[in-house]
2 protein chains.
Amino acid sequence: MHFSEPLPLQSGAALADYTLVYETYGSLNADRSNAVLVCHALNASHHVAGSYEGKAKSEGWWNNMVGPGKALDTDRFFVIGVNNLGSCFGSTGPMHNNPATGKPYGASFPVVTVEDWVHAQARLADRLGIQKFAAVMGGSLGGMQALAWSVLYPSRIAHSLVIASTPKLSAQNIAFNDVARQAILTDPDYHDGDFYAHGVVPKRGLRVARMIGHITYLSNDDMAEKFGRDLRNGDYQFGFGVDFEIESYLRYQGDKFSEYFDANTYLLITKALDYFDPARANGGDLAAALANTQAEFLVVSFSTDWRFAPDRSREIVQALVKNQRRVTYAEIDAPHGHDAFLLDDARYMGVVRAYYDKIWHQLGATLPTPVALGEAA
Amino acid sequence: MHFSEPLPLQSGAALADYTLVYETYGSLNADRSNAVLVCHALNASHHVAGSYEGKAKSEGWWNNMVGPGKALDTDRFFVIGVNNLGSCFGSTGPMHNNPATGKPYGASFPVVTVEDWVHAQARLADRLGIQKFAAVMGGSLGGMQALAWSVLYPSRIAHSLVIASTPKLSAQNIAFNDVARQAILTDPDYHDGDFYAHGVVPKRGLRVARMIGHITYLSNDDMAEKFGRDLRNGDYQFGFGVDFEIESYLRYQGDKFSEYFDANTYLLITKALDYFDPARANGGDLAAALANTQAEFLVVSFSTDWRFAPDRSREIVQALVKNQRRVTYAEIDAPHGHDAFLLDDARYMGVVRAYYDKIWHQLGATLPTPVALGEAA
């Protein structure tokens, strides 16, 4: 979907025009009440569910969650996945040409925030003729968007599902992001963000950034269980190649990531994470920041998530309770750390399924009679 | 102290000849029973205590612990600080010439282990005429050396003080070390370890490595307390410079470190950490590995240390208890994470002081009548 109305950004800059890439699953019902927006996290995209025909291994990133008969049942709900601005998976981002210069934006792509993304998503909803979402849902950075929706467009969202998220990053969270950024920014192949023109990619920096990130996505216990001190070649090699399986795994993850992810996007998205802090405008009072919300909430955290630990979710729950909002909170005892929000877990999926059942019954529990998109708002 | 007898290493290689730089504090007593060896961790040296004349800010790294009247009282004990092989603070290391080639070792400096260091330290003790240490003491990687001493030279060590340490690194510990190594190894200025010949230093890699390490030395709580989300310039800058104080702090630490630390040394020392695993030869049975120890032990951990958490110290304690060794264990409730072992804390210092009091009384509680070093073994 192309937009030619400029989008004013939190930074004071504006995007003159832009494109948002999105996918939809299921059908919008006649009263346009069954739409669910799924927001993505750091390295995901609009491709939430299903597979592309003829493309092996093209399952969407939340394919275990979203689809016919799944926890978010696309027989019942009309689901939208949208790629955020600044990403490298289709929506306007740093690798696209700046219409003002005719050259790729590179590092000059404006720094975008979670709130900017939400405003862009709201315009997409307008175009699709969706006045109010049955739910906005996301994990991690996606959960921040679901929370921001409830603050920025309180009347346009009936339910907010905030999973494995936080009301703001801690100093330690920011520290990990900044080291990752420094690895990219100091890679000689970064060329101040204009690496496209040099025909290179700052792979070393991206690789290290991803390795750092990946450590924080897994739990200490899970890593111990999966890799422990297992050796790749049976004995110590007394060199700087691979000794331990965990080294091999992380280097592989880093290599793979550096092949497909854009360095400027990585910088932008980590900044969006760092900047998210809805309580900031209220002197740090999260309850005050959430006072105008109207949605009902599902907040989910995972016991071994040390990136956005259960404590951080409880801060959100407490602020909502203080406002007498309806909030369901589930703390899932799961071994997989932050990554748990992407993985199959019977209790987790059960909680989400039950929550969507509730929404479905609130909507009248009838299967949608499809209407065309964009007909009327 | 120069050694011309080759030192066989755990890797199967050998160092043909080498120099160990050391400092001593206090006086050796007549029966040579009051010597304490202090072992250093990743980025420290033989300079444990005191200051160099005319040099401001030259306090030793454990100056709050070691000195006249301090917890490790140099009026009572003869303290030795020794710089380990492979370091960049004086003892033979990668920046020194390989006698076989006449060129700096660089990356060809053999990978050394905690056990190799202990054997080298034992030779130094021989030369100094010290048959048995009253104590060997260290924190973190230094604690591994204190533990290894009790295994490799059970009759030459009366007490082992193992502080903020672990019997082996976890997968997560190794992961952080390997990301740091990858940052260095992939820095174009590393030149396969021969950067000395190119007149450059892989500062980008060292800087990122140090930033990663530093995050793991501090506790989440301490970082939140000290930095939180404090901004450097009052508001978001919407760029990739410094926004948050924590970024400024970590970048400064990284810059400083990259100015003085050797990249090859960093690789070597992190490998020594990764490889330490005394239970490995006993099929993972730490109690079996510690069965031949004769020393008494003080084991200390810190509540907020998530690098080498209290659980890891308890593994050592349990293995010692299983062997009916005398062991004192203190878990200090301190906010400062792994770094706590270097910091002033009344309870921590009190425990160490009391423990040295015990040793002092075991030795007869008489002030040393100095003897010359190296007189007789």
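Residue numbering restarts at 1 for every chain, and letters A, B, ... go by the order of the sequence lines.
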Look up atom CG in B:D230 and atom CD1 in A:I174, then write down how far apart they are to the nearest 0.5 Å. 9.5 Å
Side-chain heavy-atom pair B:Q182, A:E247 within 4.5 angstrom cut-off: no
Could you tell me whether B:D192 atom CG has more than 12 heavy atoms of other residues or ligands within 6.0 Å of it? no
Could you tell me which portion of B:D235 (side chain, backbone, both or neither) has an atom closer than 4.5 angstrom to a non-hydrogen atom of chain A? both
Could you please spell out the steps behind the side-chain contact (heavy atoms from CB on, under 4.5 Å) verdict for B:Q237 and A:V111? CA-CA 9 Å; B:Q237 301 299 304; A:V111 171; over 6 Å; no
What part of A:T113 gets within 4.5 angstrom of chain B, counting heavy atoms only: side chain, backbone, both, or neither? side chain
Honestly, the part of B:F176 sitting under 4.5 Å from a heavy atom of chain A is both
Counting C-beta onward and ignoring hydrogens, is there a side-chain heavy-atom pair between A:V208 and B:V179 closer than 4.5 Å? yes
Crowding at CD, B:E225 (>12 non-hydrogen neighbours, <6.0 Å): no
Less than 4.5 Å to any heavy atom of chain B: does that hold for the side chain of A:L268, its backbone, both, or neither? both
Relative to chain B, which of A:L185, A:V112, A:L218, A:D277 shows the most heavy atom pairs under 4.5 Å? A:D277
Can you check side-chain contact (heavy atoms from CB on, under 4.5 Å) on B:Q172 and A:F227, steps first, answer last? CA-CA 9 Å; B:Q172 191 188 67; A:F227 302 102; over 6 Å; no
Examine whether an atom of A:D274 lies under 4.5 Å from a heavy atom of chain B, and if so say whether it belongs to the side chain, the backbone or both; otherwise answer neither. both
Let me know if A:L250 has heavy atoms under 4.5 Å from chain B in its side chain, its backbone, both or neither. side chain
A side-chain contact here means heavy atoms from C-beta on lying under 4.5 Å apart; do A:R204 and B:D187 qualify? no
Decide whether a cation-pi geometry holds between A:R229 and B:Y275; the criteria are a distance under 6.0 Å from NZ or CZ to the six-membered ring centre and an angle within 45° of the ring axis. no
Please classify the contact of A:F244 with chain B as side chain, backbone, both or neither, using a heavy-atom distance under 4.5 Å. side chain
Rounded to the nearest 0.5 Å, how far does CG of B:N173 lie from CD1 of A:I215? 10.0 Å
Using non-hydrogen atoms and a 4.5 Å limit, figure out which bit of B:A224 sits close to chain A: side chain, backbone, both or neither. backbone
Over all heavy atoms of both residues, which pair between A:R280 and B:G234 is shortest? Give the atoms and the distance, please. NH2-O, 3.9 Å
With a 4.5 angstrom heavy-atom cut-off, which part of B:L9 approaches chain A: side chain, backbone, both or neither? neither
Can you tell which part of B:I212 gets under 4.5 Å to a heavy atom of chain A, answering side chain, backbone, both or neither? both
Locate the shortest heavy-atom distance separating A:N220 from B:S170; write the atom from each residue and the value. OD1-OG, 4.0 Å
With a 4.5 Å cut-off on heavy-atom pairs, point out which of A:A183, A:P188, A:G228 contacts chain B the most. A:P188
Sub-4.5 Å side-chain heavy-atom contact between B:D178 and A:R251: yes
Given heavy-atom pairs under 4.5 angstrom as the criterion, report whether the side chain, backbone, both or neither of B:N177 touches chain A. neither
Identify the two heavy atoms, one from A:G239 and one from B:K271, that lie closest to each other, and give their separation to 0.1 Å. O-CE, 3.1 Å
Side chain, backbone, both or neither: which part of B:I184 has a heavy atom under 4.5 Å from chain A? neither
Per-residue contact mode, B:K168 against chain A (heavy atom under 4.5 angstrom): both
In terms of heavy-atom pairs under 4.5 Å with chain A, the winner among B:Q10, B:H214, B:E245 is B:Q10
